[in-house]
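To start, the structure under review is shown below, and the notes come after it.
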Amino acid sequence: NDMYKRNVWVIGHKNPDTDSICSALGYAALKGEGYAAGRLGNVNPETQFVLDHFGVAAPELLGNMAGQEIILVDHNEAAQSADGIEEAKILEILDHHKIGGLKTSEPILFCNVPVGCTATIVNMFYKQQGKTPDAKTAGLLCSAILSDSLAFRSPTCTAVDKATALELAEIAGIADVEA
Ligand code: MN
Ligand code: MN
């Protein structure tokens with residue numbers, strides 16, 4: 001498929017949640033030209049609310065990714081990823097889950113940090129590159145953290161997640177994060 005070939009696809013897991021959609025959008029935006037966010041399933045109502053709120057279109061719905069170049073966010077296990085992943089070229093993985101056994105044929109950037117949300121890690125990469133997400137992207141990433149952390153109430157939520165969400169909220173112009 002020619003459309004697929006134009007991009008490196010940044011994709012979250014199947015049955016995508018808000019982190020999988022928003023971290024894919026946020027990381028594709030940081031990577032820039034030649035990178036696009038994709039998704040492996042329908043957008044759930046919570047995520048659709050977030051996309052509508054910030055006026056951002058959903059990532060492209062993707063199918064079999066054999067032969068494609070891909071970056072995985074919010075997962076690192078083949079069973080949770082795209083059909084055809086065994087024949088895809090994984091360039092990078094950004095995740096916050098247990099390590100689940102994917103193998104690659106070449107060295108890759110594999111950044112797994114035990115924080116509460118992949119969006120927190122995406123923001124680390126913005127900082128590492130001296131960049132700031134635009135207001136819409138900051139809103140998406142903030143929403144992902146609120147979603148994965150159950151508004152900071154989840155035991156998996158770290159101080160870094162909360163500080164990141166509050167920082168992103170300010171960029172996004174969100175006055176009351178929990179509201
Ligand atoms: Mn997820
Ligand atoms: Mn997540």
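Start at 1 and go down the list; that is how both ligands and their atoms are numbered. Please read these numbers as outputs of a predicted model, since none were measured by experiment.
Within His96, the N, O or S atom at minimum distance from the Mn ion (ligand 2) carries the name NE2.
None of the N, O or S atoms belonging to Asp19 lies under 2.8 Å away from the Mn ion (ligand 1). Taking backbone and side chain together, Asp148 holds an N, O or S atom under 2.8 Å from the Mn ion (ligand 2). Coordination check, His97 versus the Mn ion (ligand 2): failed, since every N/O/S atom of the residue sits at 2.8 Å or beyond. The Mn ion (ligand 1) has no N, O or S atom of His75 closer than 2.8 Å.
Closest of all the heavy-atom pairs between His96 and Thr118 is CD2-OG1, 3.1 Å. What you find for Lys14 and Ser81 is that their closest heavy atoms are CE-O, 3.1 Å.
Judged purely by atom type and a 3.5 angstrom limit, Ser143 uses its side chain to pair as donor or acceptor with the backbone of Gly139.
Among Asp19, Thr158, Asp161, Asp148, the one residue that satisfies the side-chain hydrogen bond (donor to acceptor under 3.5 Å, both in side chains) test with Thr120 is Asp161.
Angle subtended at the Mn ion (ligand 1) by Asp74 OD2 and Asp17 OD2: 120°, rounded to 10 degrees.
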**Request:** Kindly determine whether Ile11 and Leu72 satisfy side-chain contact (heavy atoms from CB on, under 4.5 Å), including the steps that lead there.
**Result:** CA-CA 5 Å; Ile11 53 178; Leu72 305 185; 3.8 Å; yes
